Amino acid sequence: MRVPVLAANWKMFKTNREALAYVREISTLARTVSGVEVVVAPPLTSLATAVEAARNTVIGIAAQNLHFEKQGAFTGEVSAAMVKEAGAGYAIIGHSERRRLFGETDQSVNRKLQAAIAANLGPIVCVGETLDEREANQTLAVLDRQVKDGLDGLTAEQVADLVIAYEPVWAIGTGKVATAAQAEEAHAHIRGRLRQWFGGDAADRCHIVYGGSVKPDNIAELIREPDVDGALVGGASLDVKGFSEIVLRSQGKA
Ligand code: 13P
């Protein structure tokens, strides 16, 4: 059984001081919940602080990005080994904002994924279609391409340990959440492809979480779907009370 993963993607929000207060509070809450895994992805400036605040708790800490090279003249970038040494257990890879605003492609996503795995980080790989692609009935084809090219060369065992975040671009930060049926259709499709390309064990163990305007009042409906294994939460995760509520309402699935 897949234990639901609830991850807070803060994007470019929160100072170090704010991060410390938040992680302390969510760590306290996490002691009282069971059957869910909670992950927080702060900006890099707060990564070490968040790791320290989450020490001896069940909260996992994720980087929001990394570079695929081990080191080099790449001003402004950090490597997988650097975020691993800073204490991160996970890394978000290929978020649609990275793809749209920073030129990431399925090929660079693949290289980042390989780098994260080599550094022993748990990747949270993002896929999802734009509104134009959905309206042109291209959703499943886009997901096929992103999953096939993004995960190219991975072993079944590596795929089993992945978290894939289905984040329809039109639902991110818009308040327009996918319906539970739309999410389930995409998740079930992705899982079917994983089964076809990597085998049944990888497909059954891989977590597929939903992202895009997740809020306390829609998480229960989404997580009820058989192939929705948690959520990657942006805006609603910035408020620790709101994110706590989302975590609480996700319990009981496993
Ligand atoms: P919102 O929850 O703000 O729509 O963002 C989703 C997201 O991009 C999480 O990675």
Side-chain angles (χ1 to χ4, degrees), residues 4-14 18-19 22 26 36-44 46-47 50 59-66 83 88-102 104 109 112-113 116 121-131 133-134 139 142-143 146-147 150 162-180 182-183 186-187 190 207-223 225 228-250:
V5 174
L6 281 305
N9 176 11
W10 292 353
K11 309 189 179 182
M12 199 173 75
F13 289 93
K14 295 194 188 296
E18 291 164 340
Y22 183 113
I26 198 80
V36 291
E37 210 176 312
V38 181
V39 177
V40 174
L44 277 178
S46 305
L47 195 66
I59 306 286
I61 303 296
Q64 295 178 15
N65 180 34
L66 47 77
V83 298
Y90 302 84
I92 298 175
I93 291 175
H95 191 280
S96 66
E97 287 149 17
R98 301 286 326 163
R99 294 176 188 253
R100 185 167 51 89
L101 303 170
F102 301 98
E104 295 198 13
V109 166
K112 289 180 177 210
L113 195 44
L121 287 163
I124 303 172
V125 198
C126 304
V127 297
E129 81 287 359
T130 63
L131 185 58
E133 289 164 343
R134 175 161 284 267
T139 298
V142 168
L143 295 177
Q146 291 174 333
V147 173
L162 283 185
V163 176
I164 296 178
Y166 169 61
E167 299 207 307
V169 178
W170 49 271
I172 295 178
T174 58
K176 215 193 283 175
V177 65
T179 63
Q182 284 172 325
H187 287 222
I190 293 169
H207 282 73
I208 307 177
V209 305
Y210 169 81
S213 297
V214 172
K215 306 260 179 322
D217 64 5
N218 58 32
I219 184 65
E221 195 184 345
L222 288 160
I223 200 121
E225 295 295 335
V228 176
D229 307 322
L232 183 54
V233 188
S237 78
L238 293 175
D239 167 40
V240 69
K241 301 268 183 306
F243 186 57
S244 301
E245 198 57 39
I246 289 171
V247 171
L248 288 170
R249 293 185 190 190
S250 307

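Since the structure is predicted, the reported quantities are computational estimates derived from the model, not experimental observations. Numbering of ligands and ligand atoms starts at 1, following listing order.
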### Query
Is there a side chain to side chain donor-acceptor pair (under 3.5 Å) between H95 and Q64 once you walk through the steps?
CA-CA 8 Å; H95 191 280; Q64 295 178 15; over 6 Å; no

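- Rounding to the nearest 0.5 Å places CZ of R249 at 12.5 Å from CG of L6.
- Counting protein heavy atoms only, atom 2 (O) of ligand 1 is closest to G234 N, 2.9 Å.
- For ligand 1, the atoms sitting less than 4.0 Å from at least one non-hydrogen atom of E167 are 6 (C), 7 (C), 8 (O), 9 (C), 10 (O), numbered in the order shown with element in parentheses.
- For ligand 1, the polar-atom distance check finds an N/O of K11 within less than 3.5 Å of one of the ligand's N/O atoms.
- Contacts between A171 and ligand 1 below 4.0 angstrom, taking non-hydrogen atoms only, involve the backbone exclusively.
- For ligand 1, the atoms sitting less than 4.0 Å from at least one non-hydrogen atom of G212 are 4 (O), 6 (C), numbered in the order shown with element in parentheses.
- Of the candidates G235, A236, C126, it is G235 that places a heavy atom closest to atom 1 (P) of ligand 1.
- The line from CG of L113 to CD1 of I124 is 11.5 Å long, rounded to the nearest 0.5 Å.
- Between N9 and ligand 1, at least one pair of N/O atoms sits closer than 3.5 Å.
- Within ligand 1, the atoms closer than 4.0 Å to a non-hydrogen atom of H95 are 7 (C), 8 (O), 9 (C), 10 (O), numbered from 1 in the order shown.
- Screening V163, N65, V109 for a side-chain contact (heavy atoms from CB on, under 4.5 Å) involving I93 leaves a single residue, V109.
- Atoms CH2 and OG, from W170 and S213 in turn, are 9.0 Å apart once rounded to the nearest 0.5 Å.
- Distance alone, capped at 3.5 Å, is enough to place a donor-acceptor pair between the D229 side chain and the I208 backbone.
- Residues satisfying the side-chain contact (heavy atoms from CB on, under 4.5 Å) test with E133, not counting sequence neighbours, are E129, T130, Q138, V142.
- With ligand atoms numbered from 1 in the order given, ligand 1 contributes 1 (P), 3 (O), 4 (O) to contacts under 4.0 Å with heavy atoms of G173.
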